[in-house]
Amino acid sequence: MRIDANDLLIFTRIAEEGSFTKAADRLDIPASTLSRRIAAVEQQLGERLFIRTTRKMTITPFGQAILRHTQQIAAEITAIDALIEHRNIVPSGKLRVSLPGDFTQALISEFLADFIAEYPQITLDIDVSQRRVDLIAEGFDLALRIGALADDASLAARLLGHFELGLYAAPSYLYHAAKIRQPDDLLAHPLLRLHSDTSPLSLISGQRHWQGELSIKTVANSPNILVNLALRGAGVTRIAAHSVQHYVESGELVRVLPEWQSKKRPVWVVFPATRLMPSRTRIFIDSLVSRFEQLS
């Protein structure tokens, strides 16, 4: 009995996507063709790989056992593709990137536009999500992450830099609201914060430390929404300093208690540790590092 290796790779993609339809979209093959080929494999093996109903699809225990081996095959093929690409002078191909929902889009959009212009042969597939994607299972080449990293031996990481966080508000809000001369005064003001920013507000000024729980006016997973709300006088927001520099320079926003600093948050680029890195991924990471060095 000889099974077509391509059919095993198709099985792997369907299992990882959790759907024949999604796998068909990724592989650019009709779902009916995938269904027919999987049925042929099941007939050769004499056992079902999937159990499908009108509502959901589940992989059988036998299918799970097969999947562990086929994922290794897929990883080896990816490594071979990467090795071949390393010989190419011009980086090319699709690069799948995961961005956290609370990342400053003004910063990353400028970087991405410059990268696209410099490397036109690379196609970017960008996913913005608040959840932390599984890079290997979901087929991502890399992800940007903010804050502490989970201990995961399958991933490698490179520190890009740190975001300086500051408190900002519109002059119109500060004119009508209670004066903010010291950290305790913040307790009388509503805070506009990110979903991921769950810890109490902690500030440092020299040897002085202050911590307090502000009343939460609005939470969002987008810095852009918080900045726009602050611009319209909705309250005080804590945000990365570089993301509002333009508004501070134009006078549309004011740094609140500038002598007090929040703890900086690390920014990482994360990628699979077990794969040979394609040149497009390496160049993207190197470009990111260079951009963050310019910010620091």
Side-chain angles (χ1 to χ4, degrees), residues 1-85 88 91-101 112 115-116 119-144 154-155 270-272 274-281 284:
M1 177 181 63
R2 176 174 293 180
I3 298 175
D4 190 331
N6 289 322
D7 289 340
L8 295 177
L9 295 175
I10 287 173
F11 161 71
T12 305
R13 177 58 66 189
I14 295 169
E16 292 176 345
E17 294 291 339
S19 162
F20 275 73
T21 301
K22 291 180 181 179
D25 291 339
R26 288 288 306 277
L27 296 170
D28 196 23
I29 299 174
S32 58
T33 300
L34 297 189
S35 181
R36 185 172 61 253
R37 293 177 69 167
I38 291 300
V41 172
E42 289 177 329
Q43 186 173 8
Q44 283 181 282
L45 295 173
E47 287 199 45
R48 298 281 296 276
L49 298 174
F50 298 106
I51 297 175
R52 286 182 282 172
T53 67
T54 55
R55 293 188 176 183
K56 67 176 183 178
M57 180 196 79
T58 57
I59 186 169
T60 65
F62 179 69
Q64 290 283 4
I66 294 291
L67 180 62
R68 285 193 291 270
H69 297 286
T70 59
Q71 284 179 323
Q72 294 178 13
I73 295 172
E76 290 298 330
I77 292 176
T78 300
I80 292 171
D81 288 341
L83 183 62
I84 294 171
E85 188 184 345
N88 295 338
S92 60
K94 180 183 287 188
L95 186 69
R96 296 198 74 207
V97 180
S98 171
L99 299 178
L112 292 174
F115 185 84
I116 290 169
Y119 300 101
Q121 300 301 318
I122 298 177
T123 302
L124 294 178
D125 182 352
I126 301 167
D127 178 83
V128 180
S129 174
Q130 194 61 20
R131 70 185 181 88
R132 291 204 168 190
V133 302
D134 186 327
L135 268 69
I136 296 174
E138 298 181 52
F140 283 94
D141 296 291
L142 57 91
L144 267 65
S154 67
L155 299 178
V270 182
F271 44 90
T274 56
R275 294 180 186 169
L276 179 64
M277 185 180 291
S279 59
R280 58 180 176 270
T281 306
F284 189 91

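All of these numbers come straight from a predicted model, not from anything done at the bench.
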> Under the criterion side chain to side chain contact (heavy atoms under 4.5 Å, CB included), which of I10, I14, L9 is the partner of L27?
Replying inline: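 Considering I10, I14, L9, a side chain to side chain contact (heavy atoms under 4.5 Å, CB included) with L27 is found only for I10.
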
> In a check of side chain to side chain contact (heavy atoms under 4.5 Å, CB included) between F140 and each of D125, D127, L95, which one passes?
Replying inline: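 The single option meeting the side chain to side chain contact (heavy atoms under 4.5 Å, CB included) with F140 is D127.
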
Looking at [atom1] of [X] and [atom2] of [Y], how far apart are the two atoms once the value is rounded to the nearest 0.5 Å?
X: D25; Y: E17; atom1: CG; atom2: CD; result: 8.5 Å
X: I66; Y: F11; atom1: CD1; atom2: CZ; result: 6.5 Å
X: T60; Y: L67; atom1: OG1; atom2: CG; result: 10.0 Å
X: L99; Y: L144; atom1: CG; atom2: CG; result: 6.0 Å
X: N6; Y: I77; atom1: CG; atom2: CD1; result: 7.5 Å
X: I38; Y: R48; atom1: CD1; atom2: CZ; result: 11.5 Å

> Can E16 and R26 be counted as an ion pair, charged N to O under 4.0 angstrom?
Replying inline: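 Salt bridge between E16 and R26, a charged N being under 4.0 Å from a carboxylate O: no.
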
> Mind checking whether F115 and F284 have parallel, tilted or perpendicular rings, split at 30° and 60°?
Replying inline: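 Perpendicular: the ring planes of F115 and F284 meet at over 60°.
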
Which heavy-atom pair separates [X] from [Y] by the least distance, and what is that distance?
X: P91; Y: I122; answer: O-CG1, 3.6 Å
X: A74; Y: T12; answer: CB-CG2, 4.5 Å
X: A15; Y: I59; answer: CB-CD1, 4.1 Å
X: L135; Y: V270; answer: CD2-O, 3.4 Å

Side chain of [X], backbone of [Y]: donor and acceptor closer than 3.5 Å?
X: S35; Y: S32; value: no
X: D141; Y: R96; value: yes
X: E138; Y: D134; value: yes
X: R280; Y: S92; value: yes

>> Taking the side chain as everything from C-beta on, heavy atoms only, tell me whether D4 gets closer than 4.5 Å to R37.
In response: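 Yes, side chains in contact.
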
